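Worksheet: the structure to be examined is printed underneath.
Worth knowing before you read on, the calculation uses all heavy atoms, side chains too, and leaves out hydrogens, waters and symmetry mates. These figures come from a predicted structure and were not determined experimentally. Within every chain, numbering begins at 1; the chains are lettered A, B, ... in the order of the sequence lines, protein sequences first and strands thereafter.
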Amino acid sequence: MSEEVVLLDFWPSPFGMRMRIALAEKGIKYESKEEDLRNKSDLLLQMNPIHQKIPVLIHNGKPVCESLIQVQYIDEVWHHKSPLLPSDPYQRAIARFWADFADKKMSDLGRKIWATKGEEQANAKKEFIESLKLLEGELGDKPYFGGENLGYVDVVFVPFYSWFYAYEMCGDFSIDAECPKLMAWAKRCLEKESVSESLPDQEKVYGFVLQMKKAFGIE
Amino acid sequence: MSEEVKVFGTLGSPMSCRVELALKLKGVQYEYIEEDVHKNKSPLLLKYNPVHKKIPVLLHNGKPIAESLVILEYIEETWKGNPILPEDPYEKAMARFWARFLDEKCLPALWNAAWSPENEREKAVEEACDCLKTLESTLKGKRFFGGDTVGLVDIAAIFIGFWLRVLQEATGQELLSAEKFPDLVKWTDEFVSCSVVKESLPPRERLWAFFKARVAGAMDAQTNASK
């Protein structure tokens, strides 16, 4: 049966990047449609009426929304290649826990770092580094969160690396100085084509963040 | 093999209720340990959930799992009887979508609608009603969100099934009405009348008293603020 896979995406979105990596890891051919979020397409509004957000995965005409759910979905459908979640239920629970943790902390705190100032920003930076250190602890001595290969947590978390430079510039701090092991992990991930082809250049992301700050009137 | 299953929870918490309900549905024997999360978290809780320090925590043969939706998926994958998720990957993705919708949009909106300050109340109520409207249309007259049997989404929606009614009585604010949301109200009746669900719920009077006390506290705070 021929599979039709479409991804509604937006280049700087870490959530979109997760799907790019996962689809590449699985060797799935797909059509990528870039959305202009100030002018959402009818297709996006039809396929994700509840949240009206990207990414949206459309598989044989049926939409799957929310990137964590999408990654698990393609892991289950294309289960014969490059499994992202382990097979043991307990290890799967650990992976889901940390993916959820990385997802919530990075999204929320990252936004506060580029979009706020003063005490709010300082608190966000502190908690951001604490969260990264916890993730570093979970990584331990493994090359990837998934063990010997990229796994679910790696796919969920590594896209935020493309935003680290923007966070550092906006927050005036060094992530590398605080979390060298994590930076080594990110660079290791980038040696994989599925990751390097999916993450935009950090400077480009910073440029985008500056545009957003201007648009929202944030200094 | 003997299984050792423990649940660290708090009476009155819908999240800890989710875990107990799933275990009961699957016929899994477990030991329940009550945690005083407001005043005195036990050393065991802090050991088993060092990251969030919250309940519920499931302990299976000494191995801890935290976060209620993560725990529900673990329970589903470990004990195969009475499945709470469909087999089909697409249907599974949809169930996960609605469970997340409940946690990230719906439940916070319902909570805000009850407790937000006067000047934010109208907007909060509107958001809450939008969420209920979405859930109503998802139910589409089915007996349960899971179809003919209780599933992940029904379990995740336990707050709406039980807590919301009690909250509405305590605050006098009616969001979930039979006129506006007939299918959803019918679902709450069906769901709560299941024996396994009834067994998992906290005592109604205690929950009502808790909410009433909170309403009184909120009114005092408002009176003091306007003095």
Side-chain angles (χ1 to χ4, degrees), chain A residues 3 5 15 19 47-53 56-79 85-105 107-108 127 130-138 152-153, chain B residues 3 5 19 26 48-54 56-80 85-106 108-109 127 130-131 133-135 137-138 152-153:
Chain A
E3 302 270 24
V5 181
F15 314 107
M19 280 309 290
M47 291 285 147
N48 190 358
I50 310 269
H51 302 299
Q52 301 179 358
K53 285 180 174 178
V56 179
L57 176 75
I58 310 172
H59 182 206
N60 294 333
K62 297 201 289 190
V64 182
C65 304
E66 300 292 284
S67 61
L68 293 181
I69 295 172
Q70 291 159 349
V71 174
Q72 291 185 74
Y73 173 77
I74 67 165
D75 200 37
E76 284 160 19
V77 175
W78 286 271
H79 53 85
L85 274 164
S87 48
D88 171 67
Y90 185 70
Q91 295 306 321
R92 288 162 76 85
I94 299 297
R96 286 183 174 126
F97 175 87
W98 286 105
D100 183 62
F101 176 82
D103 181 52
K104 292 210 164 73
K105 292 290 180 188
S107 308
D108 178 51
E127 210 190 321
E130 280 165 6
S131 304
L132 289 185
K133 289 197 156 119
L134 281 170
L135 284 156
E136 244 182 5
E138 172 56 22
Y152 182 58
V153 180
Chain B
E3 301 259 35
V5 183
V19 175
K26 300 240 178 203
Y48 292 134
N49 191 1
V51 174
H52 298 301
K53 305 180 175 59
K54 286 181 176 177
V57 173
L58 178 78
L59 196 70
H60 184 205
N61 294 332
K63 299 199 279 194
I65 300 140
E67 295 296 286
S68 65
L69 292 185
V70 175
I71 297 171
L72 292 182
E73 295 249 15
Y74 176 80
I75 291 172
E76 171 70 351
E77 287 168 5
T78 306
W79 292 281
K80 305 287 187 188
L85 273 172
E87 285 235 20
D88 172 66
Y90 188 77
E91 296 305 320
K92 210 184 281 197
M94 295 288 23
R96 287 174 176 148
F97 176 87
W98 290 114
R100 244 179 112 85
F101 173 77
L102 279 159
D103 269 8
E104 293 185 2
K105 284 254 150 35
C106 201
E127 263 184 55
D130 282 343
C131 287
K133 223 181 287 181
T134 303
L135 285 177
S137 66
T138 305
L152 180 83
V153 183

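- At a 4.5 Å heavy-atom cutoff, A:Ile74 makes no contact with chain B through either its backbone or its side chain.
- In this structure, CG in A:Leu68 is found 10.5 Å from CZ in A:Arg96, a value given to the nearest 0.5 Å.
- Distance check: A:Glu76 CD to A:Leu85 CG gives 8.0 Å after rounding to the nearest 0.5 Å.
- Listed by chain and residue number, B:Tyr74, B:Glu77, B:Thr78 satisfy the side chain to side chain contact (heavy atoms under 4.5 Å, CB included) test with A:Pro89 (two or more places apart in sequence, or in another chain).
- Side-chain contact between A:Pro86 and A:Tyr152 is absent, with no heavy-atom pair separated by less than 4.5 Å.
- Contact annotation for A:Pro63: both backbone and side-chain heavy atoms come within less than 4.5 Å of a heavy atom of chain B.
- Using a 30° and 60° split on the angle between ring planes, B:Trp79 and B:His60 fall in the tilted class, from 30° to 60°.
- Heavy-atom pairs under 4.5 Å with chain A were tallied for B:Leu69, B:Asp130, B:Ile65, B:Val51; the largest tally goes to B:Val51.
- Of the atoms belonging to B:Pro64, heavy atoms from both backbone and side chain fall under 4.5 Å from chain A.
- Interface remark: A:Arg92 contributes side-chain atoms only to the contact with chain B (heavy atom separation under 4.5 Å).
- For chain A, the nearby parts of B:Arg96 are the backbone and the side chain; heavy atoms of each come within less than 4.5 Å.
- In this structure, the side chain to side chain contact (heavy atoms under 4.5 Å, CB included) partners of B:Cys106, at least two apart in sequence or on a different chain, are B:Phe101, B:Leu102, B:Leu110, B:Cys131, B:Leu135, B:Ile160.
- For B:Lys92, the part sitting under 4.5 Å from any heavy atom of chain A is the side chain, from C-beta outward, and nothing else.
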